[in-house]
Participant: 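Here it is: the structure, laid out below.
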Amino acid sequence: MVGRQAIALVDVNNFYVSCERVFDPRLEGRPVVVLSNNDGCVVARSAEAKALGIATGAPWFQIQAQAKAWGLVARSSNYELYGDMSARVMEVVGRFGTWQEVYSIDESFVGLLGDPAQLETCGREIRAAVMRHVGLPVCVGIAQTKTLAKFANRIAKQNPALEGVCSLDSMPAGHVQAIQERVPASGLWGVGERTAKRLKMLEIQTIADLKAADPALIRKKFSVVLQRTVMELNGTECIPHTEERVDKQQIMFSRSFSTPVTTIEGMEQVMAVYAQRGAARLNDSGLRASIMTVTAGTSRFAAGEGSFPAATIRFATPTQDPIVLTRAAVAAIGQSAVPGASYLRAGVMFSGLEPLSGPEMLDVFAKPGGQPCVGGVLGDVRTKFGSQAIGLGFGGLAEPPSWSMKRELSSPKYTTEWSDLPVVRA
DNA sequence: TCTGGGGTCCTAGGACCC
DNA sequence: TCTGGGGTCCTAGGACCC
């Protein structure tokens, strides 16, 4: 048989934890968790931590007390490290595919070609290559559609005997069927809690049940999204692969604070900083925005109504100018925030995006051949001298303000800061 | 005291037009 | 007084994902 098409889903096992382990082998074999921003809750767990019964999303303050007794190690999330490791994994995996779609920070779909035996061999080669070049463990699921590749990947993860690779076509059909009859539909990519509950009312409980359901009925009662899932389960490709990332629709910068902000002036400071962080993202993406939404919120867990102000600003001329955006964001939050409310988070969101084009703005900061704008210059300075090197108003403070994010347990930026390069002694 | 941040896609409904 | 079909564009909200 020549050239049968298949799709592989390659993802890194416990990605954040595995990244930490590459640079700190003492973490090997120990329970390890990685925490969200502000060291709030658990976002990644090692197998040992899962075995302890620690759930994703578990608040750190609730498990911290037992950490010592468990020998549990916690790390703050270090997105610079993970982002850089991700790029390395994607590059290696991409070498094996006829196409590649990067789906998330630790997953990509790749197109493979071959008979079932070749496909499985290829999966093993991908796994070995990523381990050799990047030092991270991956699992590979191979099948005819994305939905099935995801499912195969799950089988690979849950059956150590498969050694990280599951090619659905190499498995006995009865075996696959048996698993599908056992696993609830909610274990499937694209089927969440809500949908699973509604499916149950139609006596559709397992993946096998869903696979056998009438696609037309599913579309009528649910959506075309779920109909596609049903068809993909039956081997018909319905979810297109997009090699090039489609243009972004929106760009956000949103964060919780380490301590509440209760004054209007305080929120104006926050917005001054956040608008600049958002503007920097716009600049990095080569985009400008015609709509900016600023939001803030009190704790979702506090008693009472809470306050969730939101204001939308439209710009007659799309912009990415941090001065314009900061000024507008500060004014908007000043008008919509409630004095005395105990705000815990804020964000800015940009939409109505379009590419920066043409040097229509005459600017003293213009650089030859580049985009002439303040945002670009600020970006260059940050790249060269560090992210805290320059900013406007409160965004230029060298010492972070009191409400800034807490990241007490962070590992060094091993691969992206010269000063954090690991030292090896022989 | 403490509870993440960033996205995508789809649908329904309203405004407006011919 | 009752009463059209068809279309576009935009927005809000739901559901899901990692």
Side-chain angles (χ1 to χ4, degrees), chain A residues 9-16 33-45 54-65 74-79 82-83 86 101-109 146-147 150 153-154 185-199 218-229 238-242 245-260 274 277-278 281 285 290-291 293 295 297-303 306 310 312 314 342 344-353 403 405-408:
Chain A
L9 176 74
V10 185
D11 77 343
V12 182
N13 304 345
N14 312 322
F15 180 54
Y16 296 170
V33 295
V34 173
L35 305 174
S36 65
N37 287 331
N38 286 317
D39 296 342
C41 59
V42 172
V43 291
R45 309 160 293 158
I54 298 170
T56 304
W60 174 233
F61 74 90
Q62 286 178 359
I63 46 179
Q64 198 170 8
R75 287 285 164 86
S76 304
S77 36
N78 181 346
Y79 287 104
Y82 311 149
S86 170
E101 178 183 342
V102 176
Y103 178 68
S104 75
I105 193 164
D106 74 325
E107 284 174 73
S108 71
F109 291 102
K146 284 185 176 177
T147 302
K150 275 272 202 182
N153 182 280
R154 182 199 153 108
S186 58
L188 223 41
W189 184 48
V191 182
E193 280 305 306
R194 305 272 174 128
T195 306
K197 210 179 249 175
R198 288 175 57 206
L199 281 169
I218 292 293
R219 170 159 196 165
K220 209 173 124 207
K221 299 237 176 197
F222 295 86
S223 65
V224 329
V225 182
L226 195 61
Q227 181 191 33
R228 287 204 270 256
T229 301
C238 301
I239 303 173
H241 31 261
T242 45
R245 266 270 164 266
V246 256
D247 292 342
K248 283 193 182 160
Q249 304 294 307
Q250 55 182 12
I251 286 181
M252 299 171 82
F253 182 83
S254 161
R255 288 279 183 284
S256 316
F257 316 142
S258 57
T259 53
Y274 282 25
R277 299 290 297 270
R281 286 198 181 171
S285 311
S290 58
I291 300 168
T293 305
T295 60
T298 51
S299 171
R300 293 191 306 273
F301 300 92
T312 296
R314 277 158 214 278
S342 194
L344 267 182
R345 56 176 304 108
V348 295
M349 186 175 109
F350 300 108
S351 51
L353 303 179
W403 43 264
M405 208 161 65
K406 197 167 71 176
R407 235 174 224 177
E408 290 174 347

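Lettering follows sequence order; numbering is per chain, from 1.
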Participant: Is there a side-chain contact between A:Y82 and A:D106, using heavy atoms and a 4.5 Å cut-off?
Facilitator: no
Participant: Measure CG/A:L344 against C1'/B:dT3 and give the value in whole Å, please.
Facilitator: 10 Å
Participant: Need one value for A:S299: base, sugar-phosphate or nothing, where a base atom within 4.0 Å counts as base even if backbone is also close, heavy atoms only.
Facilitator: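 Here A:S299 touches no strand at all.
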Participant: I would like to know whether A:L199 and A:L226 meet side chain to side chain contact (heavy atoms under 4.5 Å, CB included); could you show each step before the answer?
Facilitator: CA-CA 11 Å; A:L199 281 169; A:L226 195 61; 4.1 Å; yes
Participant: Using atom OH of A:Y16 as one end and atom C1' of C:dC18 as the other, report the distance to the nearest whole Å.
Facilitator: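 Checked: the OH to C1' distance equals 7 Å.
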Participant: Can you identify which nucleotide, out of B:dG4, B:dG7, C:dC18, has its nearest atom closest to the A:W189 side chain?
Facilitator: C:dC18
Participant: Under 4.0 angstrom, heavy atoms only, what part of the nucleic acid is A:R228 near: base, sugar-phosphate, or nothing?
Facilitator: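 Answer is sugar-phosphate: A:R228 comes under 4.0 Å of backbone atoms only.
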Participant: Kindly point out which of B:dG6, B:dT3, B:dT8 is positioned nearest to the side chain of A:P59?
Facilitator: B:dT3
Participant: Compare every heavy atom of A:C41 with every heavy atom of A:G57, then report the nearest pair and how far apart it is.
Facilitator: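 So the two residues come closest at O-CB, 3.5 Å.
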Participant: Out of B:dG4, C:dC17, B:dG6, which nucleotide sits closest to the side chain of A:C41?
Facilitator: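 Between B:dG4, C:dC17, B:dG6, the one nearest the side chain of A:C41 would be B:dG4.
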Participant: Heavy atoms under 4.0 Å, any strand shown: does A:Q250 hit a base, just sugar-phosphate, or nothing?
Facilitator: base
Participant: Describe the nucleic acid contact of A:F15 in one word from base, sugar-phosphate, nothing, applying a heavy-atom distance below 4.0 Å.
Facilitator: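 If one applies the 4.0 Å heavy-atom cut-off, A:F15 turns out to touch nothing in the nucleic acid.
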Participant: Could you give the distance from CH2 (A:W403) to CG (A:N38), rounded to the nearest 0.5 Å?
Facilitator: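 Nearest 0.5 Å value for the CH2-CG distance: 11.0 Å.
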Participant: What is the separation between atom CG on A:D106 and atom C1' on C:dC17, rounded to the nearest whole Å?
Facilitator: 12 Å
Participant: Please report, rounded to the nearest Å, how far the C1' atom of B:dG6 is from the CE atom of A:M349.
Facilitator: 11 Å
Participant: On DNA chain B, check which nucleotide each of A:Q62 and A:M252 is closest to and give me the residue with the more 5' one.
Facilitator: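 Nearer the 5' end of the strand: A:Q62.
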Participant: OP1 or OP2 of B:dT3 sitting under 4.0 Å from any side-chain N/O of A:R345?
Facilitator: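 No, A:R345 has no side-chain N/O under 4.0 Å of OP1/OP2 on B:dT3.
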Participant: Nearest heavy-atom pair of A:A74 and A:L35: which atoms, and what distance?
Facilitator: CB-CD1, 4.1 Å
Participant: Rounded to the Å, how far apart are A:N14 CG and C:dC18 P?
Facilitator: 14 Å
Participant: Distance from A:T147 atom OG1 to A:K150 atom NZ, nearest 0.5 Å?
Facilitator: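 With rounding to 0.5 Å, OG1 (A:T147) is 9.5 Å from NZ (A:K150).
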Participant: Rounded to the nearest Å, what distance is computed from the CD atom of residue A:Q249 to the P atom of nucleotide B:dG6?
Facilitator: 18 Å
Participant: With side chains defined as the heavy atoms from C-beta onward, is the minimum distance between A:Y103 and A:D11 less than 4.5 Å?
Facilitator: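 No, every pair of side-chain atoms sits at 4.5 Å or beyond.
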Participant: For A:F61 and A:N37, find the nucleotide of DNA chain B closest to each by heavy atoms; which residue's nucleotide sits nearer the 5' end?
Facilitator: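 Here A:F61 is the residue nearer the 5' end.
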Participant: Between B:dT3, C:dT11, B:dG6, spot the one nearest the side chain of A:R255, thanks.
Facilitator: B:dG6
Participant: Rounded to whole Å, how long is the line connecting atom CZ of A:R45 with atom P of B:dG4?
Facilitator: 16 Å
Participant: Does C:dC18 have OP1 or OP2 under 4.0 Å away from a side-chain N or O of A:K150?
Facilitator: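 So the side-chain polar atoms of A:K150 do come within 4.0 Å of the phosphate oxygens OP1 or OP2 of C:dC18, strictly under.
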Participant: In terms of side-chain heavy atoms of A:E107, which of C:dA15, B:dG7, C:dC18 is nearest?
Facilitator: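 Nearest nucleotide to the side chain: C:dC18.
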Participant: Grab the CZ-P distance between A:F257 and B:dT3 for me, whole Å please.
Facilitator: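 For the pair A:F257 CZ and B:dT3 P, the rounded distance is 12 Å.
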Participant: For A:L226, answer base if it contacts any base atom (sugar-phosphate contacts may also be present), sugar-phosphate if it contacts only those atoms, and nothing otherwise; contact means non-hydrogen atoms under 4.0 Å.
Facilitator: nothing
Participant: Would you mind classifying the nucleic acid contact of A:S256 as base, sugar-phosphate or nothing, using non-hydrogen atoms under 4.0 angstrom?
Facilitator: sugar-phosphate
Participant: Could you please name the option among B:dC2, C:dA15, C:dT11 that lies closest to any side-chain atom of A:R314?
Facilitator: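 Ranking B:dC2, C:dA15, C:dT11 by closest atom to the A:R314 side chain puts C:dT11 first.
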Participant: Answer yes or no: does a side-chain N or O of A:S104 lie under 4.0 Å from OP1 or OP2 of C:dC17?
Facilitator: no
Participant: Got A:L9 and A:K146 here, is their nearest side-chain heavy-atom distance under 4.5 Å?
Facilitator: no
Participant: Which dot-bracket string fits DNA chain B when only Watson-Crick or G-U wobble pairs with both atom distances under 3.5 Å count, crossing pairs get [ ], and | stands for a partner on a different strand?
Facilitator: ....||||||||||||||
Participant: Which nucleotide sits closest to the side chain of A:V43: C:dC18, B:dG4, B:dG6?
Facilitator: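 Closest nucleotide among those given: B:dG4.
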Participant: Is there a side-chain contact between A:W189 and A:I239, using heavy atoms and a 4.5 Å cut-off?
Facilitator: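 Yes. Closest side-chain heavy atoms under 4.5 Å.
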Participant: Take atom C1' in C:dG4 and the same atom in B:dC16, then report the distance between them in whole Å.
Facilitator: 16 Å
Participant: With a 4.0 Å cut-off on heavy atoms, is A:R281 in touch with a base, just the backbone sugar-phosphate, or nothing at all?
Facilitator: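 Here A:R281 touches the backbone only, sparing every base.
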Participant: Can you check whether A:S254 has a side-chain N or O nearer than 4.0 Å to OP1 or OP2 of B:dG6?
Facilitator: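 Looking at the OP1 and OP2 atoms of B:dG6, one of them is under 4.0 Å from a side-chain N or O of A:S254.
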